[in-house]
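To start, the structure itself, in structure tokens.
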Amino acid sequence: MLYQTSTLPSSSASLFNHRQYIVFLFCFVTFKTNDASMASASSLALGSLAIFGLAMALGTLSSQAEGRAFFVFGDSLVDNGNNNYLATTARADAPPYGIDYPTRRPTGRFSNGFNIPDFISQQIGAESTLPYLSPELTGQKLLVGANFASAGIGILNDTGIQFVNIIRMSRQLEYFQQYQQRVSALIGAQRTKQLVNGALVLLTVGGNDFVNNYYLVPFSARSRQYDLPDYVKLLMSELKKLLLRMYDLGTRRVLVTGTGPLGCVPAELAQRSRNGECSAELQRAASLYNPQLVQLLKSLNSQLGSDVFIAANTQQTRNDFISNPQAFGFSTSKIACCGQGPYNGLGLCTVASNLCPNRDRYAFWDAFHPSEKANKLIVQNILTGSTKYMNPMNLSTILALDSRT
């Protein structure tokens, strides 16, 4: 959805008035044409086509005016393909990734199809954001927003060092600054500020700081440096700096997701579970991290005097899948659709991996990432979930509130 600078009214009431006028004009032309016996059928057709074209144009402009930009930051759960352009092993640009995407081709999303940002874009009536590194992200497409996420990154700069060349959070925010400069050259500084202030933002980060840092290997550097409660405090301290930097860069509506049930993903079951039980230590990490995240966001909102940061409890949503997968149409929440070894949780998803025939029956696509169906259910809770899932409000409430301003 393009950022609209037209003076045409964008509210539904204004659009209705325009449409009433078009209907009236059409009826008037038809009546006058029928009344005038000299009018030809071709004149009527041309007049009707002109009015129809005007109606279509007004409808398109209005829907564009009602759209908002969407920016995405974070890790592989929300990466739309930035890592395709990097020399890194943290990539999803080969089959069978993308097997259920509309093109049936891998896109760089760590999914069999759409991921969380795609479903949010659909809910706000916009096309999916392009990866910031994509050469296609130019001109008017910049006004839709951009995806800065990069698989493998965490809150800390030393998270994911094994992936070498990834876009760490500090760099993602530098790219966001660069993005604003590019858009300013297109529509001017003031309109760029309005676009960014009015945008919806998604930040998904934190899980890798545990699975690809603290618990990556026994006796990791960070686990020797901090016990788990102190490590979580470190993450909160560093995350606070990132969130305030995002605010300084103009973001005013930021959905911040917590970690999922870290100990229950197929990769951890394959390495740590004897009988299919979740890893107690990784579950403890998630149980420490997520409540402190909610408190951090509440504190920042109080400090800023506005509900800028919205906590999305994706751990609870995924816990629902895990505790009762059949209730959501899944046959299993333990075994990944694509992979090998116990629970299909070892190694990468490749063309040589086991691959399930019906991806909608699996809560996990690969060893770490939800299936497209699970992503859709997560976004449904983001959109309409109670305060059990969204704090202080869900996305539907945000969209309703922001439409009045």
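Index from 1, following the sequence. These numbers were taken from a predicted model, which means no experiment stands behind them.
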Exercise. Got a salt bridge between Arg253 and Asp307, using NZ or NE/NH1/NH2 to carboxylate O under 4.0 Å?
Worked result: no
For this session: Under the side-chain hydrogen bond (donor to acceptor under 3.5 Å, both in side chains) rule, what do Asp158 and Asn213 come out as? Steps first, then yes or no, please.
Result: CA-CA 8 Å; Asp158 58 297; Asn213 192 330; 3.0 Å; yes
Problem set entry | Which atom of Gly258 lies closest to which atom of Leu293, heavy atoms considered | CA-CD2, 3.6 Å
For this session: Please lay out, stage by stage, how Tyr226 and Val232 fare under the test side chain to side chain contact (heavy atoms under 4.5 Å, CB included).
Result: CA-CA 9 Å; Tyr226 296 96; Val232 172; over 6 Å; no
Exercise. Ser220 and Ser223: side-chain donor and acceptor closer than 3.5 Å?
Worked result: yes
Exercise. Could Arg252 and Tyr247 be counted as a cation-pi pair, given that NZ or CZ must be under 6.0 Å from the ring centre and within 45° of the axis?
Worked result: yes
Exercise. With a 4.5 Å heavy-atom cut-off, do Lys334 and Pro266 have their side chains touching?
Worked result: no
Problem set entry | Whether Ser371 side chain and Asp360 backbone form a donor-acceptor pair below 3.5 Å | no
Exercise. Taking Arg361 for the side chain and Thr332 for the main chain, is one N or O donor matched with an acceptor at less than 3.5 Å?
Worked result: no
Exercise. Is there a donor-acceptor pair closer than 3.5 Å between any side-chain N or O of Ser150 and the backbone N or O of Ile167?
Worked result: yes
Problem set entry | Any side-chain heavy-atom pair of Leu296 and Val256 under 4.5 Å | no
Problem set entry | Pair Asn381, Thr317: side-chain N/O donor-acceptor within cut-off below 3.5 Å | yes
Exercise. Is there side-chain contact between Thr159 and Ile153, with heavy atoms separated by less than 4.5 Å?
Worked result: no
Exercise. Does atom CD of Glu136 have more than 12 heavy-atom neighbours, drawn from other residues, nucleotides or ligands, at distances under 6.0 Å?
Worked result: no
For this session: Starting at CG of Leu243, measure out to CE of Met236 and round the result to the nearest 0.5 Å.
Result: 9.5 Å
Exercise. Between the main-chain N or O of Tyr389 and the side-chain N or O of Gln316, is there a donor-acceptor pair closer than 3.5 Å?
Worked result: no
Exercise. How about Tyr175 and Phe148: are their ring centroids closer than 6.0 Å?
Worked result: no
For this session: For Asn391 and Asn313, run side-chain hydrogen bond (donor to acceptor under 3.5 Å, both in side chains): C-alpha distance rounded to whole Å, both residues' side-chain angles, the deciding distance at 0.1 Å, then the answer.
Result: CA-CA 8 Å; Asn391 192 296; Asn313 189 348; over 6 Å; no
Exercise. Cationic tip of Arg104 within the cone over Tyr101's six-membered ring, i.e. under 6.0 Å and within 45° of the normal?
Worked result: no
Problem set entry | Val254 and Ile310, any side-chain heavy atoms less than 4.5 Å apart | no
For this session: Search all heavy atoms of Thr251 against all heavy atoms of Val308 and return the closest pair with its distance.
Result: O-CG1, 4.0 Å
For this session: Check the pair Arg191, Gln194 against side-chain hydrogen bond (donor to acceptor under 3.5 Å, both in side chains), reporting the backbone distance first and the verdict last.
Result: CA-CA 5 Å; Arg191 286 176 177 168; Gln194 292 170 352; 5.6 Å; no
Exercise. Atom CZ in Arg359, atom OG in Ser111: separation rounded to 0.5 Å?
Worked result: 10.5 Å
Exercise. Side-chain contact, heavy-atom cut-off 4.5 Å: Asn112 with Lys373?
Worked result: no
Exercise. So, the side chain of Asn147 versus the backbone of Asp79: is there a donor-acceptor pair under 3.5 Å, distance only?
Worked result: no
Exercise. Does the side chain of Ser353 pick up a donor-acceptor pair with the side chain of Asn344 at under 3.5 Å?
Worked result: no
Exercise. Can you check whether His369 reaches Ser76 side chain to side chain, under 4.5 Å on heavy atoms?
Worked result: yes
For this session: Assess whether side chain to side chain contact (heavy atoms under 4.5 Å, CB included) is satisfied between Leu156 and Arg168, documenting all intermediate values.
Result: CA-CA 8 Å; Leu156 304 179; Arg168 306 188 187 284; over 6 Å; no
Problem set entry | Minimum heavy-atom distance between Arg171 and Glu174, given as atom pair plus value | NH1-OE1, 2.8 Å
For this session: Classify the side-chain pair Asn165/Thr88 by whether it contains a donor and acceptor separated by less than 3.5 Å.
Result: no
Exercise. Which is it for Tyr179 and Phe71 under the ring-ring contact (aromatic ring centres under 6.0 Å, His included) test, yes or no, and what are the steps along the way?
Worked result: CA-CA 11 Å; Tyr179 163 90; Phe71 302 112; 5.1 Å; yes
Problem set entry | Nearest-0.5 Å distance, CD of residue Gln303 to NZ of residue Lys240 | 5.5 Å
Seminar exercise, completed: Minimal heavy-atom distance between Arg318 and Pro261, with the atoms involved, is CB-CD, 3.5 Å
Problem set entry | Approximate separation, where rounding is to 0.5 Å, of Asp209 CG and Glu238 CD | 10.0 Å
Exercise. Asn83 and Ala151: which non-hydrogen atoms are nearest, and at how many Å?
Worked result: ND2-O, 3.1 Å
Exercise. Looking just at side-chain N and O atoms, do Thr204 and Thr257 make a donor-acceptor pair shorter than 3.5 Å?
Worked result: yes
Exercise. For the ring pair (Phe, Tyr, Trp, His ring centres under 6.0 Å) test, which of Phe110, Tyr97, Phe114 pairs with Trp365?
Worked result: Tyr97
For this session: Kindly say whether Leu262 contributes a backbone atom to a donor-acceptor pair with the side chain of Gln283 at under 3.5 angstrom?
Result: yes
Problem set entry | Whether over 12 other heavy atoms sit under 6.0 Å from Ile99 CD1 | yes
Exercise. So, are Arg109 and Asp118 salt-bridged, with charged N and O less than 4.0 Å apart?
Worked result: yes
Exercise. Could you give the distance from CD (Gln315) to CD1 (Ile322), rounded to the nearest 0.5 Å?
Worked result: 8.5 Å
Exercise. Below 4.5 Å, heavy atoms only, C-beta onward: do Cys349 and Pro96 meet side chain to side chain?
Worked result: yes
For this session: Show your reasoning for whether disulfide bond (SG atoms under 2.5 Å apart) applies to Cys338 and Cys356.
Result: CA-CA 7 Å; Cys338 182; Cys356 68; over 6 Å; no
Exercise. Are Phe176 and Tyr132 close enough that their ring centres sit under 6.0 Å apart?
Worked result: no
Exercise. Measuring from Gln271:CD to Leu282:CG, what's the distance to the nearest 0.5 Å?
Worked result: 9.5 Å
Exercise. Judged by atom type as modelled, is there a donor-acceptor pair below 3.5 Å linking the side chain of Asn394 to the main-chain atoms of Gly385?
Worked result: yes
Exercise. Okay, side chain of Ser302, backbone of Lys298: is any donor-acceptor separation there less than 3.5 Å?
Worked result: no
For this session: Would you please test Phe330 and Leu377 for side chain to side chain contact (heavy atoms under 4.5 Å, CB included) and show each step?
Result: CA-CA 12 Å; Phe330 299 122; Leu377 292 170; 3.8 Å; yes
Problem set entry | Any side-chain donor near an acceptor of the partner, Gln177 and Arg245, under 3.5 Å | yes
Problem set entry | Heavy-atom side-chain proximity of Leu130 to Leu142 below 4.5 angstrom | no
Problem set entry | Shortest non-hydrogen separation from Phe73 to Leu173 and the atoms involved | CE2-CD2, 3.8 Å
Problem set entry | Check: Thr259 side chain, Gly207 main-chain N or O, donor-acceptor pair, under 3.5 Å | no
Exercise. Counting N and O atoms only, with roles assigned by atom type, does the side chain of Ser323 sit under 3.5 Å from a partner on the main chain of Asn319, one being a donor and the other an acceptor?
Worked result: yes
